[in-house]
Amino acid sequence: MFFHALTALAIASGLAGSASGVAVSKRQAITTLSASQVSSFKPYTFFAGAAYCNPSLTLTWTCGAKCQGNAGFQPIASGGNGGNEQFWYVGFDPALDTVIVAHQGTNTSNILALLTDTDFSLRPLNSTLFPGISSDVEVHDGFADSQERSSADVLCAVETGLSQHNTTSVTVVGHSLGAALALLDSVFLPLHLPSNTTVTTITYGMPRIGNQAFADYVDAHLHVTHVNNKEDPVPIEPGRFLGFHHPAGEVHIQDSGAWDACPGQDNTSDLCTVGDVPNIFDSDESDHDGPYDGVTLGSC
Ligand SMILES: *[C@@H]1O[C@H](CO)[C@@H](O)[C@H](O)[C@H]1NC(C)=O
Ligand SMILES: *[C@@H]1O[C@H](CO)[C@@H](O)[C@H](O)[C@H]1NC(C)=O
Ligand SMILES: *[C@@H]1O[C@H](CO)[C@@H](O)[C@H](O)[C@H]1NC(C)=O
Ligand SMILES: *[C@@H]1O[C@H](CO)[C@@H](O)[C@H](O)[C@H]1NC(C)=O
Ligand SMILES: *[C@@H]1O[C@H](CO)[C@@H](O)[C@H](O)[C@H]1NC(C)=O
């Protein structure tokens with residue numbers, strides 16, 4: 001299972017540890033994931049779904065089907081209020097040998113209202129929380145404010161997980177707004193963790209979060225796969241014309257149900273989201289919550 005997950009992620013993100021000739025040639029073509037590669041995402045999809053559950057339920061891992069999807073998970077901490085701080089939880093998964101960080105998203109109408117509200121701006125990351133990152137790297141201020149609220153508590157729990165379980169792997173997941181928070185946490189965490197730590201990011205229905213310098217920073221430093229379902233409008237917002245860009249690592253679920261790995265940033269092929277969903281009128285809001293290989297996100 002773990003092997004397949006890594007293979008799928010390496011293909012999807014084009015960020016395999018060493019750039020072998022095989023990896024390079026795969027990176028240039030749109031490739032359809034195998035059935036086992038698709039199913040290797042399933043644990044992470046359940047983790048992203050469980051983030052919608054009340055922190056009291058994720059702390060005891062008693063949230064029902066979304067928790068049962070990863071029955072051996074060992075929670076460490078949870079928090080958030082579902083209002084100005086999305087729910088989150090951190091724990092360790094023995095089967096995957098990784099510390100999991102998960103952030104709650106929001107419902108489709110709410111995220112679209114947030115994304116199409118022009119009352120936001122791109123701003124640099126807080127230099128105390130993100131030491132050493134150029135001020136040219138700019139992100140959506142609403143997402144940045146939200147990530148800052150949980151950052152200290154999340155970091156503390158991740159440090160606990162890494163030392164308690166003697167692992168170097170952290171996997172950050174989220175859907176919708178939770179995907180934006182997951183990506184920002186994936187930039188934040190390595191700046192404060194030992195250099196032997198590997199942070200992997202798996203998100204669903206992720207909006208654009210930052211400018212070109214942000215997307216380039218992510219591609220140079222992280223291992224990101226962002227899964228987009230069919231004609232979901234959220235991944236095409238905020239628009240590129242406003243200066244926003246996605247990092248590489250898109251996996252686009254076709255109407256046929258095939259999962260295709262799309263190379264590059266904002267790939268304009270009609271097999272990928274930007275080409276398939278040229279504007280909001282060609283989108284279908286009901287695709288935002290999935291299902292992602294049978295798992296519907298957006299509620300506990
Ligand atoms: C979506 O979330 C917002 C904010 O939490 C809430 O006010 C609204 O009622 C929700 N809408 C639906 C359809 O659940
Ligand atoms: C940056 O984050 C630190 C630590 O949370 C906080 O004390 C400071 O006020 C923040 N700076 C700005 C400009 O928001
Ligand atoms: C922790 O893992 C490292 C690397 O795999 C290993 O060398 C070390 O012996 C382990 N420590 C403990 C206490 O298990
Ligand atoms: C990773 O590095 C930290 C800090 O140097 C060290 O304490 C920890 O044991 C290392 N973990 C493993 C699994 O080797
Ligand atoms: C999109 O994918 C095609 C493969 O079909 C590739 O040739 C092209 O370079 C990619 N576009 C971008 C912007 O990366």
Side-chain angles (χ1 to χ4, degrees), residues 2 11-15 19 23-33 79 84-85 92-94 96-99 120-135 137-156 158-171 181 184-185 187-200 208 212 215-216 218-220 224-226 228 235-236 240 244-252 254 258-278:
F2 190 52
I11 291 168
S13 66
L15 278 170
V24 168
S25 71
K26 280 188 171 155
R27 183 162 59 217
Q28 265 131 27
I30 293 169
T31 52
T32 300
L33 303 197
N84 74 345
E85 185 184 340
F92 177 71
D93 191 274
L96 302 167
D97 190 25
T98 189
V99 172
F120 65 75
S121 56
L122 283 160
R123 70 146 162 96
L125 293 161
N126 178 316
S127 60
T128 308
L129 296 172
F130 295 83
I133 295 198
S134 164
S135 59
V137 171
E138 293 187 325
V139 299
H140 185 290
D141 59 354
F143 296 156
D145 292 349
S146 186
Q147 187 268 344
E148 288 183 12
R149 289 183 198 110
S150 60
S151 58
D153 290 340
V154 167
L155 174 60
C156 185
V158 169
E159 288 171 336
T160 300
L162 288 172
S163 65
Q164 275 183 356
H165 299 282
N166 194 36
T167 182
T168 55
S169 169
V170 178
T171 308
L181 300 173
L184 289 170
D185 258 4
V187 174
F188 162 74
L189 289 168
L191 304 174
H192 304 275
L193 295 172
S195 59
N196 59 9
T197 312
T198 302
V199 175
T200 303
R208 294 193 182 96
Q212 184 68 62
D216 293 345
V218 167
D219 286 353
V224 177
T225 303
H226 47 119
N228 295 330
I236 66 164
R240 288 180 293 170
F244 284 81
H245 297 273
H246 271 301
E250 180 188 6
V251 170
H252 185 228
Q254 311 296 349
W259 289 40
D260 284 345
C262 291
Q265 300 174 344
D266 286 305
N267 198 306
T268 53
S269 162
D270 60 12
L271 293 173
C272 308
T273 292
V274 170
D276 191 25
V277 193

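Basis for what follows: all heavy atoms, side chains included, without hydrogens, waters or symmetry-related copies. Both ligands and their constituent atoms are indexed starting at 1 by order of listing.
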Checklist entry - Any N/O of D266 closer than 3.5 Å to an N/O of ligand 5? => result no

Checklist entry - Is C262 close to V251 at the side-chain level, that is, under 4.5 Å between some pair of heavy atoms? => result no

Item to check | Counterpart residues, side-chain hydrogen bond (donor to acceptor under 3.5 Å, both in side chains), relative to Q265 (two or more places apart) | outcome: Q212, D216, D219

Checklist entry - Which word best sums up how the rings of H140 and F143 line up, parallel for under 30°, tilted for 30 to 60°, or perpendicular for over 60°? => result parallel

Enumerate, one pair per line, all nitrogen or oxygen atoms of ligand 4 lying under 3.5 Å from a protein nitrogen or oxygen, stating the separation to 0.1 Å; write 'none' if no such pair exists.
unit_1   : atom_1 : unit_2 : atom_2 : d
ligand 4 : 2 (O)  : N196   : OD1    : 3.3
ligand 4 : 2 (O)  : N196   : ND2    : 2.3
ligand 4 : 11 (N) : N196   : ND2    : 3.1

Next on the checklist: Check whether T98 reaches the backbone of S169 with its side chain - one donor and one acceptor, N or O, closer than 3.5 Å.
Outcome noted: yes

Checklist entry - Any N/O of N126 closer than 3.5 Å to an N/O of ligand 2? => result yes

Item to check | A144 to R123 - nearest heavy-atom pair and separation | outcome: CB-NH2, 3.3 Å

Checklist entry - Once you round to the nearest 0.5 Å, how far does CZ of F188 lie from CG of L155? => result 4.5 Å

Checklist entry - Aromatic rings F120 and F244: how do their planes relate, parallel, tilted or perpendicular, breaks at 30° and 60°? => result perpendicular

Next on the checklist: Against ligand 5, does S269 come closer than 4.0 Å with any heavy atom?
Outcome noted: no

